[in-house]
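Take a look at the structure set out below.
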Amino acid sequence: MSQAAPTLSEASPSNRFALAALLLGGAAIGGSPIFVRLSEVGPMATAFWRVALALIPIVIVSLLKKERGPKPQSLSDYGMLILPGVILALDLAAWHLSLTMTSVANATLLANLAPVFVTLIAFVFFSARISRGFALGLVLALSGVVILKGGRAAIGNGDLRGDGIAMIAAFFYACYILAIGRLRSRFDTLRIMLWSTTCAAACIFPIGLIYEGHMLPATVYGWSIVFGLAFISHAGGQVAITYALAYLPPAFSSLTLLLQPVVAAILAWALLNEAIGTMQALGGAVVLAGIMIARTSRVQV
């Protein structure tokens, strides 16, 4: 008789630390819409600086690190390291573009469909088993995001093309999470982040230059915004998530990242004086409840 897989709440100390890193990473990325909104340059240029400037701390830490993991040995290895960067560039470009074509509520809401795509891809292509507890937690957390963004009324104020591009961004982010999850079994966090971030910057730069032309912030304030986006949301958030994916299932990790709109709402309240009403508070509570239910389910995804 086979032994049941452990629940996330029964995980080892390494897994508990990874869960804490995942939550911190999700919180850090949750602030990215605020940085994008406050940026002096366009959404594509902002996306470029997000990854380009993030290379500064990543390279410094990589050079200071004495013990390094395995190096790529073949063209296949190099391709696997480059692929997440290409996917991330497509994700950022699509999501930032959607912010200019549809409502912010729609773009954020639809981009958070990534856990659905992660679960479907894992089920269809990797024969993953989806437990009832995880499925319930997923549905509950997604419902919380809908409530947080204003319920059914939030879907009615956008543009159909922008909504579609936001869903494409969600698909790309799901692919990014799965690609990183598979890479973590072979390479260390810093090597993956160095390759993926460099590749993402190289892919986004020509898009920003062609689409917007103007790439440089005009003031110190403008530079502080893109540095904050790069250091906090990317270098901090993505590194924490990449580390966590070595210990946690990608499907659960993507579900936990639904904390991002909750964090964004709190930051919007604190920094932009946007009120948090009953719907927002209720939605945040439902998201947390869904994550807690998924956390106590069997690790089958």
Side-chain angles (χ1 to χ4, degrees), residues 14-39 43 45-65 68-69 81 84-85 87-89 91-92 95-96 108 111-112 114 169 173 176-177 179-181 183-184 187-201 204 217 221-248 250 252-268 270-272 291:
S14 294
N15 285 20
R16 289 195 292 270
F17 184 78
L19 178 60
L22 182 67
L23 294 174
L24 288 173
I29 295 178
S32 61
I34 307 299
F35 286 117
V36 173
R37 184 169 173 179
L38 294 175
S39 178
T46 301
F48 167 72
W49 291 117
R50 171 179 182 159
V51 288
L53 294 175
L55 284 170
I56 297 173
I58 293 173
V59 169
I60 291 174
V61 174
S62 179
L63 292 175
L64 293 176
K65 187 179 178 183
R68 302 190 180 187
L81 286 168
I87 297 173
L88 180 61
D91 164 55
L92 292 175
W95 184 64
H96 285 200
T108 307
N112 277 282
Y173 194 67
Y176 172 75
I177 289 291
I180 291 294
L183 272 180
R184 281 299 280 122
F187 302 106
D188 66 288
T189 301
L190 285 175
R191 188 176 300 279
I192 294 171
M193 286 304 302
L194 187 60
W195 277 84
S196 63
T197 303
T198 302
C199 184
I204 293 176
Y221 168 81
W223 280 108
S224 69
I225 293 298
V226 292
F227 266 102
L229 177 63
F231 285 18
I232 297 174
S233 293
H234 193 86
Q238 294 291 354
V239 165
I241 291 167
T242 301
Y243 168 82
L245 282 168
Y247 303 94
L248 300 173
F252 175 76
S253 299
S254 66
L255 174 62
T256 305
L257 296 181
L258 287 176
L259 281 174
Q260 293 177 27
V262 179
V263 173
I266 294 173
L267 290 176
L271 301 176
L272 303 176
I291 291 172

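All values below come from the heavy atoms of this structure, side chains included, with hydrogens, waters and symmetry mates left out. Values in this document were obtained by computation on a predicted structure and should not be read as measured data.
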Considering all heavy atoms of both residues, which atom of A200 and which atom of L88 are nearest to each other, and what is their separation? CB-CD2, 4.1 Å
Mind telling me whether F227 and W223 have parallel, tilted or perpendicular rings, with 30° and 60° as the class edges? tilted
Residues at least two apart in sequence or cross-chain that pass side-chain hydrogen bond (donor to acceptor under 3.5 Å, both in side chains) with T197, listed by chain then number, are H234
In the structure I gave you, are the side-chain heavy atoms of I225 and P217 within less than 4.5 Å of one another anywhere? no
Measure the spacing between OH of Y247 and CZ of F17 and express it to the nearest 0.5 Å. 9.0 Å
Taking atom OG1 of T242 and atom CG of D188, what is their separation to the nearest 0.5 Å? 10.5 Å
Got a list of side-chain donor-acceptor pairs under 3.5 Å for residues 45-57, not counting sequence neighbours?
from, atom 1, to, atom 2, distance (Å)
T46, OG1, S39, OG, 2.8
T46, OG1, V41, O, 3.3
T46, OG1, G42, O, 2.7
W49, NE1, M215, O, 2.6

Which value, rounded to the nearest 0.5 Å, describes the distance between I180 atom CD1 and L245 atom CG? 7.5 Å
CG (L194) and CZ (F187) are apart, to the nearest 0.5 Å, by 12.5 Å
Which heavy atom in I241 sits nearest to a heavy atom in Y173, and how many Å separate them? CD1-OH, 4.1 Å
Of all heavy-atom pairs linking W95 and V36, the shortest is CZ3-CG2, 4.5 Å
Measuring from atom CD1 of I192 to atom CD1 of I58, what distance do you get when rounded to the nearest 0.5 angstrom? 11.5 Å
Which heavy atom in A244 sits nearest to a heavy atom in A18, and how many Å separate them? CB-O, 3.3 Å
When rounded to the nearest 0.5 angstrom, what is the spacing between CD1 in I204 and SG in C199? 9.5 Å
Non-neighbouring partners of A28 that pass side-chain contact (heavy atoms from CB on, under 4.5 Å), sequence neighbours left out: I232
Closest approach of P84 to L183 (non-hydrogen atoms, all atoms of both residues): CG-CD1, 3.5 Å
